[in-house]
Amino acid sequence: MDFEPVIGLEIHAQLLTETKIFCGCSAEFGGPPNSHVCPVCLGLPGALPVLNRRAVELAVRAGLALGCAIQPASLFARKNYFYPDLPKGYQISQYEQPLATDGRVEYESEGETVAVRIIRVHLEEDAGKSLHEGLSGAGRATHLDFNRSGVPLIEIVTHPDLRSSAGAADFFSRLRALFRAIAVNDGNMEEGSLRCDANVSMRPAGTRGLGVKVEVKNINSFRFLQRALDYEFERQADVLRRGGTVVQETRLWDTASGSTFPMRTKEEAHDYRYFPEPDLPPLEVPESWVAAIRATLPELPEQRKRRFLSDYGLTEQEAGWLSQSEAVAGYFEETARKSGNPRAASNWIMGPVGRHLNEHGIDIGQLRVDPAGLGGLIELVDRGVISGSAAKTVFERMVESGDSAQAIVESEGLAQIDDAAVLGAAVRTAMEANPQAVASYRAGKTGTLGFLVGQVMRQTRGQANPRLVRALVQSALDAVEIDTARG
Ligand code: ADP
Ligand code: ZN
Ligand code: MG
């Protein structure tokens with residue numbers, strides 16, 4: 001029997017606040033161990049949490065971007081469990097009444113529309129960090145760093161709408177891009193700012209019910225998500241094919257062995273004994289506040305992509321590439337406007353500009369050529385002042401010097417040569433230097449026309465007007481043909 005995977009993700013994202021969720025300590029990553037702590041985030045008795053307004057704002061922003069309904073009132077609860085890095089003995093998290101519910105994310109992927117429904121987005125605090133390696137007493141001692149304790153997180157829970165490992169990784173990476181675009185999360189997966197647990201089950205292909213799920217924790221890269229899922233598909237399908245049943249459990253992904261292994265079964269699952277947090281009132285988010293936050297949301301990448309497709313006549317791939325970040329998208333639109341030629345702007349940015357950024361490992365904002373500069377270069381080509389190949393040289397000079405295209409063309413004498421007399425002489429030289437090319441053209445190998453045009457372009461350092469050269473070479477070759485016919 002064939003089996004089909006079913007996947008739902010639970011994603012934790014650290015909100016980009018300066019301070020923690022319930023105290024004024026710095027929420028910045030790193031710092032000497034236990035340097036960003038106070039009685040509240042250390043869980044000392046009697047310390048009272050006070051909710052960070054900015055964290056709520058960012059969570060609402062994320063909820064809106066995910067198409068959720070923002071709840072006018074939501075509740076914090078205590079999730080009780082014992083762990084050394086959780087000094088209070090409970091984590092404050094929204095449970096029964098989350099901040100945002102019923103969202104939906106939709107996008108085009110490889111020609112298909114993908115829709116992933118969001119169950120909920122809720123606020124919670126992060127725990128501290130247990131450290132073992134490379135510290136005194138290794139093997140015997142656990143060191144605790146509470147800098148991360150109380151850092152604000154949102155948890156995003158999707159419906160089990162994903163159907164492949166690549167699809168799950170694609171969704172996760174789009175979520176990362178979305179959160180970066182709206183500045184709620186920095187997307188830094190190495191530092192743990194964004195991490196995901198994957199729920200996965202298998203069912204007979206073509207059926208609609210849900211199989212027993214396994215939760216895989218501890219995934220901090222797109223590649224590992226894909227590999228962990230592929231491993232689980234195989235493992236579960238194998239159990240099912242042998243007529244067995246999948247055990248509902250939590251497993252951990254182990255990068256070193258490329259496999260998942262059991263952490264705890266359903267029976268061993270924690271009973272978190274949730275109850276409402278007595279030290280925090282219900283979180284009230286009036287409609288007016290939601291509206292104000294909505295008004296500050298930038299255009300989202302997927303919206304922008306659709307607009308690029310319709311406004312500029314770009315291909316799916318170009319629109320996707322150019323809308324990826326606000327910086328690239330802004331650069332493109334400004335260049336298109338300055339040059340009046342969106343097609344050329346797209347070609348330049350996806351070609352020479354993109355290559356230059358890659359080679360130098362810089363962002364588009366650091367490029368020495370601004371949109372007005374690139375627009376000026378495109379205009380010179382469009383007006384026939386320089387040829388397309390000379391433009392490549394001019395661009396190289398522009399990124400080195402920061403000078404305008406016009407100035408470089410003038411100082412280096414790179415203007416296009418349109419003078420038929422000058423070009424005619426260059427064509428004759430090329431033909432005299434390549435009699436075999438002329439002969440094979442005569443013999444019917446008309447492809448040598450392009451070769452001769454290339455020779456003329458080289459002779460003129462790419463400055464010749466290529467269309468004029470082509471016409472001149474063509475008529476010169478035809479004249480030779482008539483000569484031979486007569487002779
Ligand atoms: P739990 O009660 O174990 O927390 P939930 O119903 O709250 O389970 O779902 C948690 C996550 O697991 C969600 O992302 C959901 O989409 C996913 N999920 C639930 N059932 C399945 C299933 N049978 N297969 C795959 N994922 C599932
Ligand atoms: Zn604190
Ligand atoms: Mg649940």
Side-chain angles (χ1 to χ4, degrees), residues 3-12 17-28 31 34-44 46-52 55 66 79 87-88 92-96 98 101-105 115-122 125-128 145-152 155-165 167-168 171-172 175 196-204 207-217 219 225 228-229 232-233 236-237 240 245-251 263-272 274:
F3 292 97
E4 161 189 71
V6 173
I7 305 148
L9 300 181
E10 293 170 282
I11 293 163
H12 286 93
T17 56
E18 284 178 14
T19 55
K20 294 186 179 181
I21 185 167
F22 299 123
C23 62
C25 293
S26 167
E28 207 180 316
N34 300 308
S35 58
H36 304 162
V37 294
C38 75
V40 173
C41 55
L42 284 176
L44 301 188
L48 286 176
V50 178
L51 183 58
N52 180 340
L66 295 172
K79 181 180 182 179
K88 291 199 292 286
I92 302 179
S93 173
Q94 295 195 309
Y95 180 56
E96 267 170 330
T101 56
D102 301 313
R104 183 187 171 86
V105 181
V116 178
R117 291 165 304 149
I118 307 293
I119 298 175
R120 55 190 281 153
V121 178
H122 71 245
E125 59 178 341
D126 208 345
D145 177 4
F146 292 107
N147 285 352
R148 207 180 62 179
S149 168
V151 156
E155 178 174 338
I156 300 100
V157 184
T158 77
H159 275 281
D161 289 348
L162 294 156
R163 295 287 176 273
S164 71
S165 59
F171 170 78
F172 192 19
L175 193 80
C196 122
D197 302 334
N199 298 273
V200 48
S201 63
M202 301 295 276
R203 66 183 175 194
T207 62
R208 305 201 45 86
L210 290 176
V212 175
K213 77 169 158 107
V214 162
E215 183 179 5
V216 185
K217 282 196 177 288
I219 301 174
L225 172 60
L229 287 173
E232 269 305 302
F233 299 163
Q236 293 184 21
L240 295 170
T245 48
V246 173
V247 178
Q248 182 172 340
E249 62 186 352
T250 301
R251 298 175 72 93
M263 179 177 146
R264 58 172 180 250
T265 62
K266 192 186 178 187
E267 285 69 41
E268 297 155 356
H270 295 297
D271 171 7
Y272 292 117
Y274 280 100

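Remember, it's 1-based here, ligands and their atoms both numbered in the order they're listed. Predicted, not measured: the structure shown is a model, and the values here were computed from it.
- Heavy-atom proximity to Val6, at under 4.0 Å, picks out these atoms of ligand 1: 24 (N), 25 (C).
- When heavy-atom distances to ligand 1 are checked against a 4.0 Å cut-off, Leu9 comes that close only through its backbone atoms N, CA, C and O.
- The backbone N or O of Arg148 sits nowhere less than 3.5 Å from a side-chain atom of Lys20 that would complete a donor-acceptor pair.
- Atoms of ligand 1 found under 4.0 Å from any heavy atom of Gly211 (numbered from 1 in listed order, with element): 23 (N).
- Rounding to the nearest 0.5 angstrom, the gap separating the CE atom in Met202 from the CD atom in Glu4 is 8.5 Å.
- Residue contact check: His159 has heavy atoms under 4.0 Å from atoms 16 (O) of ligand 1.
- Among Arg117, Lys213, Arg203, Arg120, the residue whose heavy atom lies nearest to atom 1 (P) of ligand 1 is Lys213.
- Exactly one of Arg120, His12, Gln94 qualifies for a side-chain contact (heavy atoms from CB on, under 4.5 Å) with Glu155. That residue is His12.
- The N/O atoms of Ile119, backbone and side chain alike, include none that comes under 3.5 Å of an N/O atom in ligand 1.
- Using a 4.0 Å cut-off between heavy atoms, Val157 contacts ligand 1 through its side chain alone, with no backbone atom that close.
- In this structure, OG1 in Thr101 is found 12.0 Å from CG in Leu66, a value given to the nearest 0.5 Å.
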Point to revise | Evaluation steps, side chain to side chain contact (heavy atoms under 4.5 Å, CB included), between Ile7 and Phe233 | key: CA-CA 10 Å; Ile7 305 148; Phe233 299 163; 3.7 Å; yes
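- None of Leu9, Val216, Ile156 except one satisfies the side-chain contact (heavy atoms from CB on, under 4.5 Å) rule with Cys196; the exception is Leu9.
- Annotation for ligand 1: atoms under 4.0 Å from non-hydrogen atoms of Pro160 are 16 (O), 26 (N), 27 (C).
- Summarising the geometry of Phe146 relative to Gly128, their closest heavy-atom pair is CD2-CA, 4.2 Å, with the distance given to 0.1 Å.
- Distance check, rounded to the nearest 0.5 Å: CD of Glu232 to OG of Ser165 gives 12.0 Å.
- Atoms CD1 and CG, from Ile119 and Asp161 in turn, are 8.5 Å apart once rounded to the nearest 0.5 Å.
- Considering backbone and side-chain atoms together, Gln248 places no N or O closer than 3.5 Å to any N or O of ligand 1.
- Polar contact check, Thr158 against ligand 1: a nitrogen or oxygen pair lies under 3.5 Å apart.
- Sorted by chain and number, the protein atoms of type N, O or S within less than 2.8 Å of the Zn ion (ligand 2) are Cys23 SG, Cys25 SG, Cys38 SG, Cys41 SG.
- Note that the CG atom of Asn34 and the NE2 atom of His36 stand 10.0 Å from one another [nearest 0.5 Å].
- Under the side chain to side chain contact (heavy atoms under 4.5 Å, CB included) criterion, Ser164 pairs with Ala166, sequence neighbours left out.
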